Amino acid sequence: MATTDTVLRPDHASRRRHFIFTEEHDQLRESIGSFVEKELQPHAQEWEESTFPNWVFQRMGELGFLGLSYPEEYGGQGGDYYCNLVLAEEMTKSNSGGLAMGVAVHTDMATPPIFLFGTEEQRQRYLVPAIKGEKISCLGITEPDAGSDVAGTKTRAVRDGDEYVINGAKTFITNAPRADFCVLVTKTDPDARHDGITLFIVDIRDSEGKEVEGFSVSRKLEKMGMHASDTGELSFQDVRVPAENLLGQEGKGFYHISWELQGERLVAAIGCVSGAERVFDRTLEYAKEREAFGRPIGKFQAIRHKFAEMSVKIEAAKQMVYATAWRFANGEYPVREITQAKLYASRIIEEVADDCIQIHGGYGYMKEYEVERAYRDSRLNRIGAGTDEVMLEVIGRSYGL
Ligand SMILES: Cc1cc2nc3c(=O)[nH]c(=O)nc-3n(C[C@H](O)[C@H](O)[C@H](O)COP(=O)(O)OP(=O)(O)OC[C@H]3O[C@@H](n4cnc5c(N)ncnc54)[C@H](O)[C@@H]3O)c2cc1C
């Protein structure tokens with residue numbers, strides 16, 4: 001109870017753990033963070049030129065980081081959903097959006113549908129080696145003529161005896177130039193829209209890394225940012241896939257992939273928040289050191305207010321994501337909230353990175369400073385995993401409009 005002589009000191013620098021996390025999450029955070037800082041971050045610049053090497057998957061598999069929330073019977077760590085958030089947050093310490101994205105595609109986009117909708121045999125053949133880092137995965141939704149409009153997918157899968165024959169093209173597919181298998185969105189009924197979509201797990205390379213017959217990466221794409229990731233345009237010409245590789249139910253692929261996109265969006269959102277925090281922290285150090293007119297630039301009100309504005313955005317986005325993750329982890333399917341969090345977090349990281357460049361002045365424009373890369377990498381978030389406009393549509397329609 002306060003008395004008249006009690007002095008209450010504001011706790012500005014509070015670093016109290018958020019209530020969704022436990023001490024075990026802190027330990028996990030510590031171990032992923034130190035791995036990322038020691039083994040990945042030193043290569044960030046080099047991998048901008050060459051893309052990151054495959055050993056990253058093998059090493060992360062050895063350390064158990066590729067299956068944090070999968071059951072132990074599949075080689076996972078048996079953790080809860082929040083462990084995936086911890087991974088996405090700590091991966092931003094690599095200073096490489098492209099690397100974080102390549103890993104997230106594997107852990108939070110391509111493998112979850114195999115766990116949820118796959119048969120036991122599919123889990124053993126694809127999920128188990130993916131968790132070990134022995135097989136790399138990619139997720140093939142987008143096509144040259146169908147991105148936001150997934151129901152407009154043209155890649156065809158036609159049944160032929162015990163097999164399906166696949167023909168079509170995919171584009172902008174992360175990890176495709178290196179992946180062993182692809183979770184592929186196809187059309188099995190060309191006359192139906194949503195109800196004609198079916199997922200397959202397609203082996204795209206053999207054990208020696210050679211492309212299977214009929215499959216090729218027709219183009220490795222050059223990008224504005226995310227340079228450490230590899231992105232490909234894929235061609236399927238009469239690729240034969242055993243019928244047992246159909247994932248989930250025939251004709252229900254649209255609903256399966258819609259579920260997958262929720263996890264993808266939530267992880268993308270926390271990656272944005274954590275990335276924004278990182279670039280904020282680095283810029284804060286800079287603003288305390290860099291001097292102009294005889295004082296640190298952070299002491300100018302114009303700059304101080306930029307930090308204040310950024311901190312509010314980051315905190316708001318973080319609370320949105322954590323609260324939504326809490327719903328998700330407790331069995332809800334909170335599509336509206338996930339979409340709101342993804343939209344907002346994607347916007348704020350771009351705004352924060354832009355302000356951080358401004359605070360760095362000319363140095364912010366130079367490649368040797370982390371903010372330049374963060375700015376380029378951040379731009380993707382308003383497009384990938386669903387564009388801003390599509391997010392607004394989903395949110396608006398959720399109100400019955
Ligand atoms: C670096 C990178 C990595 C990617 N990785 C993958 C991956 O691994 N796997 C994968 O499948 N895809 C991947 N994508 C693709 C990404 O998900 C798509 O680019 C995105 O969904 C948008 O599709 P689109 O590019 O075809 O744009 P379009 O759908 O053609 O949209 C073009 C414009 O029209 C707007 N628009 C479309 N529909 C509507 C509407 N109903 N209302 C209002 N506006 C609308 C869009 O918002 C956008 O502004 C990646 C993309 C990039 C750039």
Side-chain angles (χ1 to χ4, degrees), residues 48 51-52 96-113 130 136-155 168-187 193-194 197 199-202 204 217 219-236 247 253-254 256-265 267-269 271-272 275 339 342-343 346-347 349-350 373 376-398 401:
E48 281 292 284
T51 73
F52 72 91
S96 171
L99 168 61
M101 178 171 75
V103 171
V105 163
H106 184 76
T107 54
D108 288 87
M109 302 175 200
T111 53
I136 300 171
S137 58
C138 65
L139 176 67
I141 307 175
T142 309
E143 301 192 347
D145 297 322
S148 306
D149 181 14
V150 177
T153 292
K154 291 200 176 70
T155 296
K170 295 282 169 184
T171 195
F172 309 146
I173 308 304
T174 305
N175 289 347
R178 68 173 92 212
D180 298 290
F181 67 88
C182 180
V183 171
L184 190 71
V185 176
T186 71
K187 225 3 152 11
R193 270 181 56 84
H194 302 85
I197 303 277
L199 305 186
F200 285 89
I201 310 174
V202 183
I204 54 177
V217 174
R219 214 150 57 98
K220 207 171 155 175
L221 302 165
E222 302 278 326
K223 308 186 288 292
M224 170 185 180
M226 300 289 198
H227 290 170
S229 68
D230 50 1
T231 313
E233 194 171 274
L234 316 183
S235 158
F236 295 83
L247 178 60
F254 182 83
H256 298 337
I257 214 66
S258 299
W259 171 85
E260 179 284 324
L261 281 167
Q262 304 313 313
E264 173 172 346
R265 287 173 186 161
V267 158
C272 289
T339 315
K342 159 35 171 115
L343 175 77
S346 303
R347 286 178 170 174
I349 189 174
E350 195 192 326
R373 189 186 315 148
R376 282 186 291 105
D377 288 352
S378 74
R379 187 62 183 85
L380 174 64
N381 296 293
R382 294 181 46 218
I383 299 170
T387 63
D388 277 10
E389 293 76 16
V390 169
M391 297 302 96
L392 289 168
E393 275 298 287
V394 173
I395 297 165
R397 285 177 189 204
S398 77
L401 298 173

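First listed ligand is number 1; within each ligand, the first listed atom is number 1. Bear in mind that the values here come from a model prediction, so they are computed numbers and not experimental data.
Side-chain contact check for D377 versus I349: every heavy-atom pair is 4.5 Å or farther apart. A 4.5 Å side-chain heavy-atom check between T51 and R178 finds at least one atom pair inside the cut-off. Using a 4.5 Å cut-off on side-chain heavy atoms (C-beta onward), M109 and T174 make no contact. Inter-residue side-chain proximity for S229 and V105 is flagged as unmet; no heavy-atom pair is nearer than 4.5 Å. In this structure, R379 and R376 have side chains that are not in contact, with every pair of non-hydrogen atoms separated by 4.5 Å or more.
Looking only at distances, no side-chain donor or acceptor of R373 sits under 3.5 Å from a matching main-chain atom of S96. Side-chain atoms of H227 come within 3.5 Å of backbone atoms of K223 as a donor-acceptor pair (strictly under, hydrogens ignored). Remark: side-chain polar atoms of D149 are not paired, donor with acceptor, to backbone N or O of A146 under 3.5 angstrom.
For ligand 1, the polar-atom distance check finds an N/O of I141 within less than 3.5 Å of one of the ligand's N/O atoms. Checking only distances, I173 never comes within under 3.5 Å of ligand 1, N or O to N or O. For a threshold of 3.5 Å applied to N or O pairs, the pair formed by S148 and ligand 1 contains at least one separation below that value. Polar contact with ligand 1: absent for M101 (N/O pair, distance under 3.5 Å). Residue T174 has at least one N or O atom closer than 3.5 Å to an N or O atom of ligand 1.
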Q) Would L343 and I395 count as a side chain to side chain contact (heavy atoms under 4.5 Å, CB included) if you check the C-alpha gap in whole Å, the side-chain angles of each, and the deciding distance to 0.1 Å? A) CA-CA 10 Å; L343 175 77; I395 297 165; 4.1 Å; yes

Q: Quick one: do D230 and N175 satisfy side chain to side chain contact (heavy atoms under 4.5 Å, CB included)? Show the steps, please.
A: CA-CA 5 Å; D230 50 1; N175 289 347; 3.9 Å; yes

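Looking at M109 against ligand 1, nothing comes within 4.0 Å, counting heavy atoms. The part of A385 lying near ligand 1 is the backbone, judged by heavy-atom distances below 4.0 Å. Proximity of T142 to ligand 1, defined as any heavy-atom pair under 4.0 Å, is shared by backbone and side chain alike. Contacts between N175 and ligand 1 below 4.0 angstrom, taking non-hydrogen atoms only, are absent altogether.
Checked options V183, V185, L199, I141; the residue passing with E260 is I141 (criterion: side chain to side chain contact (heavy atoms under 4.5 Å, CB included)). Checking each of L392, V394, V390 against T339 for a side chain to side chain contact (heavy atoms under 4.5 Å, CB included) leaves exactly one that passes, namely V394.
Atom 37 (C) of ligand 1 is approached by the protein to below 4.0 angstrom, counting heavy atoms only. Protein heavy atoms come within 4.0 Å of atom 14 (N) of ligand 1. Taking a distance limit of 4.0 Å, we find that atom 3 (C) of ligand 1 is approached by some protein heavy atom. Atom 50 (C) of ligand 1 lies below 4.0 Å from at least one non-hydrogen atom of the protein.
Annotation: atom 25 (O) of ligand 1 to nearest protein heavy atom, F172 CE1, 3.7 Å. Counting protein heavy atoms only, atom 52 (C) of ligand 1 is closest to L380 CD1, 3.5 Å. At the top of the distance list for atom 20 (C) of ligand 1, counting protein heavy atoms only, stands I383 O, 3.5 Å. With respect to atom 24 (P) of ligand 1, the closest heavy atom belonging to the protein is G147 CA, 3.9 Å. The protein heavy atom nearest to atom 39 (C) of ligand 1 is V390 CG2, 4.4 Å. Nearest protein neighbour of atom 42 (N) of ligand 1, counting heavy atoms only, is E393 CG, 4.0 Å. Looking at atom 44 (N) of ligand 1, its nearest protein heavy atom turns out to be E389 CB, 3.5 Å.
Residues satisfying the side chain to side chain contact (heavy atoms under 4.5 Å, CB included) test with D108, not counting sequence neighbours, are N84, V267.
Listed by number with element, the atoms of ligand 1 under 4.0 Å from a non-hydrogen atom of L139 are 7 (C), 8 (O), 9 (N), 10 (C), 11 (O).
Using a cutoff of 4.0 Å between basic side-chain nitrogens and carboxylate oxygens, E143 and K187 are not scored as salt-bridged.
Nearest-residue assignment for atom 48 (C) of ligand 1 (options T171, D149, T387; heavy-atom criterion): T387.
Using a non-hydrogen distance threshold of 4.0 Å, K223 registers as a contact of ligand 1.
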